[in-house]
**Q** 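The following block contains the structure, expressed as C-alpha cells.
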Number of protein chains: 2
Amino acid sequence: MTMNSSGGRRKPPTIHDVAREAGVSRGTVSRVLNGGHYVSPAAHEAVNAAIRKTGYVVNRHARSLITGRSDSVGFLLTEPQERFFEDPNFNVLLRGCTQALAAHDIPLLLMLAGTEGERRRITRYITAGHVDGVLLVSSHSGDPIAEQLRAADVPLVACGKPIGLGSRVSYVAADDRDGAREMVRHLLSLGRRRVGVVTGPLDTPGGVERLAGYREVLAEAGMEADERLVVSGDYSRVSGELGAERLLAQAPDMDAVFVASDLMAQGVLTALERAGRRVPQDVAVGGFDDSPAALATRPELTTIRQPWDRISSEMVRVLLAQIGGEEAAAVILPTELVKREST
Amino acid sequence: MTMNSSGGRRKPPTIHDVAREAGVSRGTVSRVLNGGHYVSPAAHEAVNAAIRKTGYVVNRHARSLITGRSDSVGFLLTEPQERFFEDPNFNVLLRGCTQALAAHDIPLLLMLAGTEGERRRITRYITAGHVDGVLLVSSHSGDPIAEQLRAADVPLVACGKPIGLGSRVSYVAADDRDGAREMVRHLLSLGRRRVGVVTGPLDTPGGVERLAGYREVLAEAGMEADERLVVSGDYSRVSGELGAERLLAQAPDMDAVFVASDLMAQGVLTALERAGRRVPQDVAVGGFDDSPAALATRPELTTIRQPWDRISSEMVRVLLAQIGGEEAAAVILPTELVKREST
DNA sequence: ACACCGTGTGTGCACGCTCCCAATCATCCG
DNA sequence: CGGATGATTGGGAGCGTGCACACACGGTGT
C-alpha cells in the first residue's frame with residue numbers, strides 16, 4: 001500500500017503505469033479489472049500487486065466514455081419539499097438505496113425536482129445518459145417526469161405503485177391493502193365497532209389502497225359502510241388533526257380510527273386529547289408506517305410496519321436488473337402489525 | 001426542440017454533429033459551450049440553434065476526462081446511522097445543499113461511511129478524484145476520514161466546527177455559543193433561577209459550545225455553577241428522557257432546563273410529564289434546532305432556530321470557492337430565539 | 001509599405017480507458 | 001505430423017471533449 005504520500009496533488013496513476021509496473025500490457029490489466037477472464041494466474045497476480053503498489057484507482061470517466069454507461073444512478077424526488085422533510089420514511093429509503101448501491105460500487109446522485117425548471121433540467125440530465133437508471137420517489141399520479149423518462153427508455157423503478165401511468169413501469173411497494181386489512185381486523189378484534197379512517201391523498205397508491213383494505217374488512221365483517229367515518233388527509237400532521245376533528249363531529253360514537261400514516265396519527269392523538277377522549281380506552285388509534293414518530297407519541301402508536309429496508313434493496317435489485325437488460329417487474333412486500341399502547 | 005423522438009435509445013448527438021449542423025468547427029461549438037468568448041454573434045447564434053435542433057447535451061464524462069474535474073461533489077455522512085434517521089436537520093441540510101449545487105448544475109453524490117469498510121472505499125473513491133470536493137457532516141471529533149481527505153488536499157467544507165483537526169479545514173456553523181446564551185438569558189428573564197442543562201455529546205462542537213454558552217450566562221448573572229444541574233446526552237430522544245430523570249434526582253428544585261437539541265427536549269418533556277411537573281409552569285424547557293419535532297410536542301417547544309438554509313448555501317459557496325482555488329474559510333451564522341409554549 | 005495587434009476560427013492532440021483483432025503458444029485430434 | 005482449437009497476450013482504434021496552437025482578417029501605428 002505504498003501510496004503517493006508526498007503532499008500536494010499529483011497525477012494519479014493510470015492503467016498504463018500499472019501495466020508497466022506489472023510487466024504486462026494495458027489490455028491485460030483491463031481484463032483483470034473487468035472480471036479477470038482470459039488472464040493467466042501469474043499475470044493476474046502481478047497486476048494485482050502492481051495495483052496495490054501504485055494505489056491505482058480506475059478513472060470512471062474514461063471508462064464511461066467508452067462503455068457508454070455512467071455506473072451511477074439517480075435518486076429522484078418529485079415530491080413537494082414539505083413531505084421530504086416531514087416524512088421519516090424518505091430517510092430510511094434513501095439510506096437503504098445508498099447502501100444497496102454502494103455494495104455494487106455505484107454512487108447515488110440525489111435529484112430534487114421541485115419546480116418546473118428543475119424538472120426540465122433534471123429530465124435533460126437523465127435522458128442525456130448521465131445516469132444509468134433512476135429510483136423514483138413520487139407517489140402522486142400523473143407525474144410528467146416519469147412519463148418522459150419512460151418514453152426515453154430510461155431504466156426506472158418507482159417506490160410505490162404509480163397510478164396513472166398505464167404503461168409498464170417497474171415498482172416496489174409494501175402491500176398497502178393487506179396492511180390496512182390487518183390493522184382494521186386488529187381493531188375489530190378488540191371489540192371496536194365504529195371504526196373511522198383518515199386516508200392519505202386519494203391520488204396516491206397508499207391513499208387508495210389503504211382505504212380499500214379498510215372497506216374490504218368492514219364489508220367482510222358484515223358492517224355497513226358509513227361515509228361519516230371516512231375522511232381524507234394529506235399525510236401531514238395537521239391534516240390528521242383536522243381529520244380527527246371532522247370525524248368526531250360527524251361520528252361522535254367512533255371508538256377506533258385507522259390512520260393511514262403515523263404522522264397523521266400524531267395529529268389525531270392531539271385532537272383526541274383536546275376533545276377529552278382517552279386513547280385507547282375511548283378510541284383506539286392505529287397508524288401506518290412504523291416511523292420513529294410512532295414511538296414519540298404518548299401513548300406509543302400501534303402501527304403497520306413497512307419493510308423499508310427490503311423495499312430499498314429490492315428497488316436497487318430491480319433497477320440493476322433492468323439496466324442489465326431485463327424486463328420491468330413489480331415487487332410487493334408484506335407488512336407487519338406492530339402492537340403498542342394506542343389500541 | 002426537435003428531439004430524437006423515435007423510441008429506443010440511439011446514440012446521442014455529439015459536439016461534432018452540432019458543429020456540422022451549425023456549419024462551424026468543433027472548436028467554435030466548444031467555445032460557445034464554455035462561456036462564448038471569442039465567438040462572433042453570428043456563429044454564436046448558429047451554434048445555439050444547432051444545439052436546440054439536435055437536442056445536444058454535453059457529455060460530462062468526456063469533458064471530465066480532459067479537464068480533470070468531475071463537476072460533482074460528495075455529501076459525506078460519517079455519523080452512525082441512527083442520528084441520520086432521527087435528526088431532521090440532516091434532511092434540511094441535504095436538501096439545501098442539493099439545491100444550491102443544482103443552481104450550478106453540479107450533481108450531489110450521497111456517501112454514507114458508517115462502517116470501516118465503507119470508510120475505506122469512500123476515501124479511495126474521493127481521493128481518486130471522482131468528486132471535486134466534499135461536504136462533510138461529521139460532528140464527532142477525531143474523524144479519520146476528514147484527516148485523510150485534508151492530507152490528500154481534497155477541497156472540504158464541514159458542517160459545524162470540527163474539533164480535533166488542528167489544521168485548516170473550512171467549516172460553516174451556526175453560532176452555537178451565542179444561541180445557547182440567548183436561550184439561557186431568556187430563561188433567566190422569566191425569573192427562573194435553577195436552570196439545568198442537557199448537553200449534547202462533549203466530543204461535538206454543538207455539545208461543547210452550547211454548554212459553554214450556558215455557563216457563561218450563568219456566570220455573568222452572578223450565579224454559582226452547580227454541577228448537579230448539568231448532564232450530557234447524545235442528541236437522541238431517549239437520552240433526553242434519561243437526562244431529565246437524572247436532573248430531577250440531582251436537583252429537584254430545578255425550574256428550567258436548556259436542552260441542546262429538540263429531539264432530546266422531546267424526551268425531557270416526556271420525563272417531566274411522568275414526574276408530574278407541569279411545563280412551563282413548574283419547569284420551563286428550551287430546545288435547540290427548531291426542528292419539526294419542536295412543533296410536534298405538547299406544549300410546543302421554545303427553541304433556537306439554526307439557519308439551515310443559509311448554512312447549506314454557505315457550505316456550497318465556500319466549497320466551490322475552494323475548488324476554484326481559494327483558501328479555506330470559516331463562516332459562523334447567527335441563530336434566532338423562537339418563543340413558543342414551553343417557556 | 002511594413003509590422004503589430006486583438007478578435008475570430010479551424011485542427012491536431014491528448015485525456016484514460018475498453019474493445020477488437022491479430023499474434024503467439026501449448027495442446028489436442030485425426 | 002498437419003492442422004484445428006483454445007487460452008493468453010499485445011497493441012491499435014476510438015470514445016467526446018477541451019486545450020494549445022496556427023492561422024485569417026481588418027484595423028492601427030509607424
Side-chain angles (χ1 to χ4, degrees), chain A residues 4 9-48 50-51 54-72 105 124-125 127-130 132, chain B residues 4 9-48 50-51 54-72 105 124-125 127-130 132:
Chain A
N4 201 341
R9 294 235 247 182
R10 65 177 58 172
K11 290 182 66 168
T14 74
I15 202 173
H16 221 111
D17 301 323
V18 175
R20 182 155 25 78
E21 181 69 37
V24 298
S25 73
R26 298 176 349 252
T28 300
V29 177
S30 177
R31 276 185 288 266
V32 170
L33 258 38
N34 305 346
H37 304 301
Y38 294 93
V39 177
S40 67
H44 205 292
E45 181 73 16
V47 168
N48 279 332
I51 288 176
T54 56
Y56 171 78
V57 179
V58 66
N59 182 324
R60 299 170 88 109
H61 300 304
R63 171 182 284 173
S64 294
L65 185 54
I66 178 86
T67 61
R69 284 172 288 114
S70 73
D71 293 321
S72 67
D105 211 29
R124 191 158 245 259
Y125 186 89
T127 53
H130 293 326
D132 293 338
Chain B
N4 200 340
R9 295 234 249 180
R10 65 177 61 172
K11 287 182 68 168
T14 75
I15 203 173
H16 222 113
D17 301 322
V18 175
R20 181 155 26 76
E21 182 69 37
V24 298
S25 73
R26 298 175 354 247
T28 300
V29 177
S30 177
R31 276 185 287 266
V32 170
L33 259 37
N34 304 348
H37 304 302
Y38 295 88
V39 177
S40 66
H44 205 291
E45 182 71 18
V47 168
N48 279 333
I51 288 176
T54 56
Y56 170 77
V57 178
V58 65
N59 182 325
R60 298 170 87 109
H61 300 305
R63 171 181 284 173
S64 295
L65 183 55
I66 182 87
T67 62
R69 285 173 288 115
S70 72
D71 294 319
S72 68
D105 211 28
R124 191 158 244 261
Y125 186 90
T127 53
H130 294 326
D132 292 340

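Just so you know, these numbers come straight off a predicted model, no measurement behind them. Residue numbering restarts at 1 for every chain, and letters A, B, ... go by the order of the sequence lines.
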**Q** So, using side-chain hydrogen bond (donor to acceptor under 3.5 Å, both in side chains) as the criterion, who are the partners of B:H16 when residues are at least two apart?
**A** none

**Q** Under 3.5 Å, side chain of B:N34 to main-chain N/O of B:R31, donor-acceptor pair present?
**A** no

**Q** CD1 of B:I15 to CZ of B:R63: how many Å apart, nearest 0.5 Å?
**A** 8.5 Å

**Q** Is there a donor-acceptor contact under 3.5 Å from the side chain of A:T28 to the main chain of A:V24?
**A** no

**Q** Distance check needed: D:dC19 P versus B:R31 CZ, whole Å only.
**A** 11 Å

**Q** Report yes or no: is there a donor-acceptor pair, N or O only, under 3.5 Å between the side chain of B:R60 and the base of D:dG16?
**A** no

**Q** side-chain hydrogen bond (donor to acceptor under 3.5 Å, both in side chains) with B:S72: which residues, sequence neighbours excluded?
**A** B:S70

**Q** Sequence neighbours excluded and cut-off under 3.5 Å, please list the side-chain donor-acceptor pairs for residues 35-45 of chain A, or say none.
**A**
residue: A:S40; atom: OG; partner: A:A43; partner atom: N; Å: 3.2
residue: A:H44; atom: ND1; partner: A:N48; partner atom: ND2; Å: 3.1

**Q** Please give, in whole Å, the distance from D:dT9 C1' to A:H37 NE2?
**A** 17 Å

**Q** With side-chain contact (heavy atoms from CB on, under 4.5 Å) as the criterion, how do B:Y56 and B:L33 come out once you've worked through the C-alpha distance, each side chain's angles and the decisive distance to 0.1 Å?
**A** CA-CA 11 Å; B:Y56 170 77; B:L33 259 37; 3.7 Å; yes

**Q** Roughly, in whole Å, what's the span from OH in B:Y38 to P in D:dC23?
**A** 19 Å

**Q** Give the residues of residues 61-70 of chain B touching DNA chain D, defined as any heavy atom closer than 4.0 Å, sorted by residue number.
**A** B:A62, B:R63, B:L65, B:I66, B:T67

**Q** Could you tell me the separation between the CG atom of A:N59 and the CG atom of B:L65, rounded to the nearest 0.5 Å?
**A** 6.0 Å

**Q** Does C:dT7 have its OP1 or OP2 closer than 4.0 Å to a side-chain nitrogen or oxygen of B:S40?
**A** no

**Q** Let me know the distance between NZ of B:K11 and C1' of D:dG16, rounded to the nearest Å.
**A** 10 Å

**Q** With axes from five pairs an end, tell me the bend angle of the helix from C:dA1-D:dT30 to C:dG30-D:dC1, nearest 10°.
**A** 50°

**Q** Report the distance from atom NE2 of A:H16 to atom P of C:dC15, rounded to the nearest whole Å.
**A** 10 Å

**Q** Can you list the steps and then say if B:R26 with B:D17 is a salt bridge (charged side-chain N to carboxylate O under 4.0 Å, His left out)?
**A** CA-CA 9 Å; B:R26 298 175 354 247; B:D17 301 322; over 6 Å; no

**Q** To the nearest 0.5 Å, how far apart are CD1 in A:I51 and CD in A:E21?
**A** 11.5 Å

**Q** Where along residues 17-28 of chain B does a heavy atom come under 4.0 Å from DNA chain D, residue by residue in number order?
**A** B:R26

**Q** Rounding to a whole Å, what distance do you find between A:H130:NE2 and D:dC15:P?
**A** 18 Å

**Q** Let me know the distance between CD1 of A:I15 and P of D:dG14, rounded to the nearest Å.
**A** 19 Å

**Q** Return whichever of B:A42 or A:N59 has its heavy-atom-nearest nucleotide of DNA chain C closer to the 5' end.
**A** B:A42

**Q** Parallel, tilted or perpendicular: which one describes the rings of B:H61 and A:H130, with boundaries at 30° and 60°?
**A** perpendicular

